[in-house]
Amino acid sequence: MSRYETSEVEPKWQEKWDAAQVFEAKVDPNRPKYYVLEMFPYPSGRIHIGHVRNYTMGDVIARYKMSCGFSVLHPMGWDAFGMPAENAAMASGGHPKDWTYANIDVMRGQMKPLGLSIDWTREFATCDLEYYGQQQALFLDMLDAGLVYRKKAVVNWDPVDMTVLANEQVEDGKGWRSGAEVERKELTQWFFAISSMADELLEAIGDLDDWPPKVKLMQENWIGKSRGLQFGFERVDGGDPIEVYTTRPDTLNGASFVGISPGHPIAKAMAEENPEVAAFIKEASKGGTTAEAVEKAEKLGYDTGLRVKHPLNPDWELPVWIANFILMDYGTGAIFACPAHDQRDLDFCRKYDLPVIDTFFGLEDATPVEAEAFVPTKTERVRWVDHFAGLDIATGEEAIEATIDFAEAAGWGKGVEQFRLRDWGLSRQRYWGCPIPVVHCATCGVVPEKKENLPIALPDDVSFDVPGNPLDRHPAWRDATCPTCGGAAQRETDTMDTFVDSSWYYARFTAPRATTPTDMAEVDYWMNVDQYIGGIEHAILHLLYSRFFARAMQVTGHLPESAKEPFNALFTQGMVTHAIFKTTGADGRPKYHYPEEVELREGKGFLEDGTEVDIIPSAKMSKSKNNVVDPQAIIAQYGADTARWFVLSDSPPERDVEWTASGAEASYKHLQRVWRIASDVARADRAANDADAELLRAMHKTIQEVTQAIDGFAFNAAVAKLYGFTNTLNKSDAGAEARRIACRTLAQLMSPMTPHLAEEIWALLDGEGFVLNAEWPKADPAMLVEDTITLPIQINGKRRSELKIAKDLPKDEVEKLALADEAVVKALDGGTPKKLIVVPGRIVNVVI
RNA sequence: GCCCCCUUGGCGGAAUGGUAGACGCUGAAGACUUAAAAUCUUUUGCCUUCGGGCGUGCCGGUUCGAGUCCGGCAGGGGGCACCA
């Protein structure tokens, strides 16, 4: 018998699949469709073992569904715009385009040997002109529909690199590349009106039955709906009332001052007249916009001198302060502060010596607030000091509703809903992104390009030797004609956030060469994505943006109503981790060792010279820690099937799996063993015998268990059942024919996970055609029924004995047998049991 | 600070409220071999006076029966965070 050579077998089957075009998705009205999609990769340069796990999971589903008779769409593409390409160009010359497409070629070359069932004819990169041109068309339609608009917004600005930075690019208040102090700058930018759909996006989460509850919860929190009261404070000077929003209107009697954001119209108006106010506003705007920067920032306030009247008592005047912690884009940009029941307000009041008024106390303790605000949960009952709506003891929730009712009845305020979700700023002052298809005309203002002028292509002749956006200093590209007046105009030089690219690619895969963003016939057939698979890190932004885009595409006629929730089912897979091997160098710095340098003995690791290394298990793979597993090396050593089998085994798919050399080795040995068993089966000539039925029964049980496991995304369980059945088959004395049937079924059940080995065995055992085209085996219910079963007997809930009985033995017979059991007789010691519980087919419990 | 999740042998993990530890790794013993590799077989939660006893982070509850359900605590992880 020959050894199973993966380096020969795997390419052989890949060529055969290609030649037969088995993975090309075809619209077939006579068959149900199934669309499985893994989040497409960023072409960073090389694939990662985490990619292997991600795509293998999708492949298992895709191949399984093919065998179940579905017309399957399983595409792949590249999320190809973004900063790393520009950074590479800045660091080592070259062009982002060349860098990106070269990376794509390398990564495609690394992915193909995995034998994934991908329809490569649909491949595209988001930096393909064909793709981003359609994205521009989509943008224009959204502009038309009022879903895109321009407004001023505060951004992190790096004055050295002359660019806007994302929050995660600000480290310690400094730009991550330049090290320059980051400024907050107000720029006019483009926004998607995602918050206009906040309620809809929140409500629809309830229907996402096959999404992880965790992701749904994260999105709910992100959208952040709250209910509160909006009302106006009348100004003593007779100016327009100051509108405030509060979720705790019940604490109105604890009001200490009215606060407005530095960006509030009143503050801005004052700044124009009063240099002191202007200076304060400038001071208050310092620092980054990151959570960290915000947390460290000290509370700053400026007393405007304005006074407003308390709505419940016209004689009570409150001062109006400008405060740096009040956000302009949440609520009305103005608040009333209740320091007794809000820590932030309290800090501010203590600093500026403003009054602190308790409005309620705990039921047990009426100590006035000192340094710590009293903030009970809204469901906790508290005692009110003097509540205007007449409450004495009530929860916060009750008091809030009572106050809103009271204010509405009195006509000075109304209950409103607010969302935390902000509009999505999409402008990026970058080159390597989709150009925003508008021009700036001196006469007509901001004018959208005409669709017939699309695509607006990025110019190729750019350089990155000077900081800033190359599009800004490319006059030939910037110069444009105004589509409205025909006069000279300038192109918008901002490009789109790369999250835009990934917000609709799933729809584009249904018709990747269409001359419109989508093709309705194709979209109607293929959408929605039946199973989407990707990392939990995209739980909020990418998935929320995609949900928004699907709705926007429906509004603009690019998707049907039925596709407005684009992903029917979502699965978030865990990472592949690997131990880090660390020693401490002479200089006291950690030294990281490659796994090949470390010898493992009894759970400890040693270098060649005998030095013991620290083992940090289950660490995220990182080049700097020398613990990256390279898929290409694994495939070269063991083959793709081993890599696929390993990443599916051991750990549940949603959890991290640790790559270990011994585990990979074990997977390899197992697959070799399956091949040996199959070769054995192929040669056997033993006659049919009594063992046949038992083997076939085990086979049907395995069919049922593996099918269930794959359906339930429990790939590790499917692998475990296949191990078990392999052992059963190997030990079985069944006749040649039964063994052939069992082994062919084993190949079928393994085929989604180890497709090459499965094809080879299928062919060896005279299976017809490709195993991937063979109909998925069905478990025969008659074969799942066991004639005799082992029934455990518990005495007082502890297992003490067991009965071997016929499966359908009547209950009273079981009782008799149980009471006659040696262990039971001994325990009863002549007495009678207090209770006897018989659960048919499951258990007997004797209570003494 | 607010919200959420997790905790089972040496390790990864399995168990519709019904035999805890499937399956794999690691370790041990043995077979084959001149030897090694490869392969195969047996074994591997803890304690034990060999009768059995104890065991799913800790404390309590519901139940005939709890890893699973409920309450509290501890540890670990994640999300959000001047959101009024």
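Within every chain, numbering begins at 1; the chains are lettered A, B, ... in the order of the sequence lines, protein sequences first and strands thereafter.
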List the atom pairs, donor and acceptor, that lie under 3.5 Å between side-chain atoms in residues 415-423 of chain A and the rest of the protein, sequence neighbours left out.
residue	atom	partner	partner atom	Å
A:R420	NE	A:W222	O	3.1
A:R420	NH2	A:W222	O	3.4
A:R422	NE	A:R420	O	3.4
A:R422	NH1	A:D329	OD1	3.4
A:R422	NH1	A:D329	OD2	3.3
A:D423	OD1	A:I194	N	3.2
A:D423	OD1	A:S195	N	2.8
A:D423	OD1	A:S195	OG	2.7
A:D423	OD2	A:Y149	OH	2.5

Atom pairs and distances, donor-acceptor, side-chain atoms in residues 707-715 of chain A, under 3.5 Å, two or more places apart:
residue	atom	partner	partner atom	Å
A:T707	OG1	A:I703	O	2.6
A:T707	OG1	A:W776	NE1	3.0
A:D711	OD1	A:Y64	OH	3.1
A:D711	OD2	A:Y64	OH	3.2

Let me have the donor-acceptor pairs involving side chains of residues 834-848 of chain A, under 3.5 Å, with sequence neighbours excluded, atom names and distances please.
residue	atom	partner	partner atom	Å
A:N845	OD1	A:G797	N	3.1

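Closest to the A:P652 side chain, of the nucleotides B:C25, B:C64, B:A14, is B:A14.
Listed by residue number, the members of residues 330-344 of chain A with any heavy atom below 4.0 angstrom from RNA chain B are A:Y330, A:I335, A:R344.
Under the ring-ring contact (aromatic ring centres under 6.0 Å, His included) criterion, A:H700 pairs with no residue at all, not counting sequence neighbours. Partners of A:N221 under the side chain to side chain contact (heavy atoms under 4.5 Å, CB included) rule, at least two apart in sequence or in another chain, are A:L217. The ring-ring contact (aromatic ring centres under 6.0 Å, His included) test applied to A:H264 returns no partner, not counting sequence neighbours. Applying the ring-ring contact (aromatic ring centres under 6.0 Å, His included) test to A:F231 and every residue at least two apart in sequence or in another chain returns A:F233, A:W412. In this view, A:Y638 and A:Y668 satisfy the ring-ring contact (aromatic ring centres under 6.0 Å, His included) rule, not counting sequence neighbours.
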Can you pull every protein N or O that's under 3.5 Å from an N or O on nucleotides 46-53 of chain B?
residue	atom	partner	partner atom	Å
B:G53	OP1	A:R800	NH1	3.2

Return the polar atom pairs (N/O with N/O) between nucleotides 37-41 of chain B and the protein under 3.5 Å, or none.
residue	atom	partner	partner atom	Å
B:U39	O3'	A:R676	NH2	3.3
B:C40	OP1	A:R673	NE	3.1

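Contact annotation: A:S226 reaches the phosphate of B:A84 (side-chain N/O to OP1 or OP2, under 4.0 Å).
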Quiz prompt | Protein proximity profile, nucleotides 16-23 of chain B - base contact B, sugar-phosphate-only contact S, no contact -, cut-off 4.0 Å on heavy atoms | solution = B-BB--BS
